[in-house]
Amino acid sequence: KHVFERGVPIVEAGEVVALEGVIVEITQRKEYEQRLRRQNDLFAQTQEMADVGGWELDPRTETLRWTDQVHRIHGLPLDYEPSVEDALEFYHEADRELMREAVQRAVVQGEPFDHELRIVTYHGEQRWVRARGVPQVEDGETVRVRGAIQDVTDRRERERSLREEKALTKSIFEALPDILYVLNEEGQFTRWNDRFRSVTGYSDDEIAEMRPEDFIAK
């Protein structure tokens with residue numbers, strides 16, 4: 001068990017004759033504090049692993065608070081205290097106004113937002129982030145806006161590479177001189193090249209409605 005003990009000496013004629021004190025069991029409080037520390041540690045580790053951090057804006061005082069991971073995403077020291085304008089300035093100039101308007105609507109109209117935008121970190125590196133904000137309204141007034149910022153740069157890069165790979169494959173598919181087409185399990189045409197169009201003489205819409213046996217019949 002955990003206890004808290006405090007004692008006060010009783011002095012008579014300049015001599016300590018007794019000691020009065022109190023002992024209080026604080027086991028439950030200590031257990032709660034330990035659970036809270038574990039939860040905070042878990043929350044911090046989760047933020048770092050998911051590359052996501054939280055933030056909170058008090059519109060009445062224009063006070064903005066960031067969690068540690070938001071600082072890391074921006075490449076800033078953990079003791080950096082951002083203003084609202086400071087935070088907006090980190091957004092890419094092409095995306096900054098969109099974010100500014102989103103925050104304004106959240107504060108004035110109570111509208112949540114969810115955007116993927118670019119930021120430029122303290123070190124000049126461009127990153128993609130997903131920025132979300134949820135207003136909390138009391139008696140018709142937005143008293144705070146809470147949200148999250150997640151670094152989605154890696155995912156955006158994978159998507160871009162996949163698009164480029166698909167575009168290259170399509171270009172090669174179209175450029176080959178052979179008659180090429182793809183059928184699904186139902187025997188419907190899902191893909192064909194220019195050579196296939198020119199030989200059959202059908203439009204894309206017509207080919208999409210046909211099956212291989214239709215060409216034989218015609």
Side-chain angles (χ1 to χ4, degrees), residues 46-55 69-70 72-75 87-121 123-137 145-218:
T46 303
Q47 281 195 99
E48 190 167 355
M49 290 177 64
D51 231 346
V52 59
W55 57 269
Q69 192 60 21
V70 178
R72 295 188 185 100
I73 290 172
H74 287 77
L88 290 171
E89 285 296 316
F90 279 104
Y91 285 89
H92 190 281
E93 58 182 358
D95 298 332
R96 192 176 302 143
E97 193 59 30
L98 174 61
M99 189 60 181
R100 191 187 303 275
E101 291 176 357
V103 173
Q104 184 70 9
R105 286 196 301 271
V107 172
V108 177
Q109 302 173 27
E111 292 184 10
F113 60 86
D114 188 342
H115 297 300
E116 288 194 4
L117 308 166
R118 291 161 293 180
I119 64 169
V120 180
T121 70
H123 302 291
E125 182 183 10
Q126 181 175 296
R127 310 288 293 176
W128 279 94
V129 298
R130 180 183 181 188
R132 300 182 63 217
V134 179
Q136 295 187 350
V137 181
V145 182
R146 287 176 174 165
I149 293 179
Q150 182 179 20
D151 189 331
V152 295
T153 306
D154 291 344
R155 195 207 76 209
R156 296 282 300 213
E157 287 297 318
R158 288 195 299 270
E159 290 174 349
R160 181 185 61 80
S161 297
L162 184 60
R163 286 194 301 270
E164 291 177 350
E165 182 179 338
K166 286 183 177 180
L168 178 60
T169 302
K170 182 178 180 180
S171 298
I172 296 173
F173 187 86
E174 291 288 349
L176 289 174
D178 301 312
I179 298 175
L180 299 176
Y181 58 87
V182 178
L183 299 171
N184 62 18
E185 293 180 354
E186 286 73 37
Q188 295 173 316
F189 290 96
T190 59
R191 191 175 179 186
W192 49 90
N193 65 352
D194 283 337
R195 180 63 175 165
F196 185 86
R197 294 186 193 91
S198 63
V199 169
T200 62
Y202 293 108
S203 67
D204 287 340
D205 289 340
E206 290 173 326
I207 296 171
E209 296 296 327
M210 301 177 75
R211 294 177 179 271
E213 57 267 26
D214 296 328
F215 290 96
I216 298 174
K218 293 177 182 292

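All residue numbers in this chain count up from 1 along the given sequence.
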Point to revise | Stepwise side chain to side chain contact (heavy atoms under 4.5 Å, CB included) test for Arg160 and Arg163 | key: CA-CA 5 Å; Arg160 181 185 61 80; Arg163 286 194 301 270; 3.7 Å; yes
Check your understanding: In this structure, are over 12 heavy atoms from other groups packed under 6.0 Å from Glu206 atom CD?
Key -> yes
Point to revise | Whether over 12 other heavy atoms sit under 6.0 Å from Glu93 CD | key: no
**Study point:** Nearest-0.5 Å distance that lies between atom OG1 in Thr200 and atom CD1 in Ile207
**Key:**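 The CD1 atom of Ile207 is 4.5 Å from OG1 of Thr200, to the nearest 0.5 Å.
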Practice item. Calculate, to the nearest 0.5 Å, the distance between atoms CE and CZ belonging to Met99 and Arg96 respectively. Key: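 That separation rounds to 12.5 Å.
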Check your understanding: Is it true that Asp178 and Arg195 make a salt bridge, defined as a side-chain N closer than 4.0 Å to a carboxylate O?
Key -> no
Point to revise | Among Arg155, His115, Arg156, Glu116, the one residue meeting side-chain contact (heavy atoms from CB on, under 4.5 Å) with Arg130 | key: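 Passing option: Glu116.
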Exercise for review: Test Asp95 against every option in Arg118, Arg127, Arg100 by the salt bridge (charged side-chain N to carboxylate O under 4.0 Å, His left out) rule and name the one that passes.
Suggested key: Arg118
Check your understanding: Run the side chain to side chain contact (heavy atoms under 4.5 Å, CB included) check on Ile73 and Ile119 step by step: do they pass?
Key -> CA-CA 9 Å; Ile73 290 172; Ile119 64 169; 4.0 Å; yes
Point to revise | side chain to side chain contact (heavy atoms under 4.5 Å, CB included) between Val103 and Val145, intermediate numbers included | key: CA-CA 9 Å; Val103 173; Val145 182; over 6 Å; no
**Study point:** Set of residues satisfying side chain to side chain donor-acceptor pair (under 3.5 Å) with respect to Gln188, sequence neighbours excluded
**Key:** Asn184
Which heavy-atom pair separates [X] from [Y] by the least distance, and what is that distance?
X	Y	result
Asp151	Trp128	OD1-O, 3.3 Å
Gly54	Val70	O-CG2, 3.3 Å
Leu180	Phe196	O-CB, 3.8 Å
Ala131	Tyr91	CB-OH, 3.7 Å

Point to revise | Polar side chain donor-acceptor pair, Asp205 to Ser203, under 3.5 angstrom | key: no
Review point. So, Arg132 side chain and Ala148 main chain: donor-acceptor pair closer than 3.5 Å or not?
Key: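 Looks like no, no N/O pair under 3.5 Å.
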Review point. For the side chain of His92 and the backbone of Ala94, is there at least one donor-acceptor N/O pair under 3.5 Å apart?
Key: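 A pair under 3.5 Å: yes.
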Exercise for review: Take the angle between the ring planes of Trp55 and Phe113 and call it parallel below 30°, perpendicular above 60°, tilted in between.
Suggested key: parallel
**Study point:** Stepwise side chain to side chain contact (heavy atoms under 4.5 Å, CB included) test for Phe189 and Leu183
**Key:** CA-CA 5 Å; Phe189 290 96; Leu183 299 171; 3.5 Å; yes
